[in-house]
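Remarks on the structure that follows.
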Amino acid sequence: MAEDSELWDIIYDGPHIPMKKLGEAGQMVPKDRKEYSDIDRKSVEKNYRVKKILVCGIGPDEYNRVSACDSAKEIWEALQTAHEGTTQVKQSKIDMLTTKYKLFRMNDDESI
């Protein structure tokens with residue numbers, strides 16, 4: 001994706017959610033949309049841009065998998081899981097192929 005390096009950051013780290021301090025205790029809560037500054041709006045728009053790029057690049061089957069996702073990071077993780085599998089599935093495939101390779105032998109009726 002050659003759009004923008006910040007877009008990859010949004011995919012890996014998740015979207016930027018503008019926050020504000022609440023009271024003297026300093027508890028952080030999300031800002032209302034009316035309270036967004038120009039910088040906040042631009043950072044929130046980047047998540048929408050990444051979502052658009054990802055959704056435009058997939059087919060209808062994949063779209064059904066990711067249509068309920070709220071952020072670009074969720075879309076990316078759903079696509080990764082669908083196409084690569086979870087970490088356990090990947091490790092299982094590696095182990096299975098390694099075992100198959102170790103047991104690879106030429107049969108008696110085969111020639112070189």
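From a predicted model like this one, the values you see are computed outputs, not experimental measurements.
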Can you sort out the partners of Gln91 under side chain to side chain donor-acceptor pair (under 3.5 Å), two or more places apart, ordered by chain and number?
-> Asp95
First locate atom CD1 of Ile11, then atom CG of Asn47, and finally report the distance between them rounded to the nearest 0.5 Å.
-> 9.5 Å
Euclidean distance, Ile75 CD1 relative to Tyr63 OH, rounded to 0.5 Å | 8.5 Å
Under a 4.5 Å side-chain heavy-atom rule over Ile, Leu, Val, Met, Phe, Trp and Tyr, are Leu7 and Tyr48 clustered together?
-> no
Take Asp13 and Lys73 through the side-chain contact (heavy atoms from CB on, under 4.5 Å) test and state the conclusion after the steps.
-> CA-CA 7 Å; Asp13 302 330; Lys73 181 177 181 158; 5.8 Å; no
Roughly how far, to the nearest 0.5 Å, is NZ of Lys102 from CG of Leu97?
-> 12.5 Å
Taking every heavy atom of Ala72 against every heavy atom of Ile10, the minimum-distance pair comes out as CB-CG2, 4.4 Å
Walk me through it: do Met28 and Leu22 pass the test side-chain contact (heavy atoms from CB on, under 4.5 Å)?
-> CA-CA 6 Å; Met28 299 297 283; Leu22 192 64; over 6 Å; no
Polar side-chain atom of Thr81 near backbone of Glu77 as donor-acceptor pair, under 3.5 Å | yes
Report the residues that fulfil side-chain contact (heavy atoms from CB on, under 4.5 Å) with Asp108, sequence neighbours left out, ordered by chain and then residue number.
-> none
How far does NZ of Lys42 sit from OH of Tyr36, to the nearest 0.5 angstrom?
-> 16.0 Å
Please identify each residue that fulfils side-chain contact (heavy atoms from CB on, under 4.5 Å) with Lys20, with sequence neighbours left out.
-> Val29, Lys31, Glu35
Within a strict 4.5 Å, meaning less than it, do heavy atoms of the Lys46 and Asp9 side chains meet?
-> no
Pairing residues for Glu110 by the side-chain contact (heavy atoms from CB on, under 4.5 Å) criterion, not counting sequence neighbours = Met106, Asn107
Between CZ on residue Arg49 and CD1 on residue Ile53, distance to nearest 0.5 Å = 6.0 Å
Applying side-chain contact (heavy atoms from CB on, under 4.5 Å), run through Gln27 and Lys21 and close with a yes or a no.
-> CA-CA 5 Å; Gln27 182 182 1; Lys21 281 189 178 180; over 6 Å; no
Any ring pair (Phe, Tyr, Trp, His ring centres under 6.0 Å) involving residues 81-112? Give me the pairs, sequence neighbours left out, ordered by first then second residue.
-> none
Begin from the C-alpha positions of Glu84 and Leu79 and carry the test side-chain contact (heavy atoms from CB on, under 4.5 Å) through to its verdict.
-> CA-CA 8 Å; Glu84 295 177 3; Leu79 290 171; over 6 Å; no
Quick one: do Val50 and Ile58 end up in the same hydrophobic cluster if we chain Ile, Leu, Val, Met, Phe, Trp and Tyr together by side-chain heavy atoms under 4.5 Å apart?
-> yes
Which value, rounded to the nearest 0.5 Å, describes the distance between Ser71 atom OG and Ile17 atom CD1?
-> 8.5 Å
Thr99 meets the side-chain contact (heavy atoms from CB on, under 4.5 Å) criterion, sequence neighbours left out, with Leu103
Check Glu74 against Cys69 and note the closest heavy-atom contact, atom names and distance.
-> OE1-CA, 3.5 Å
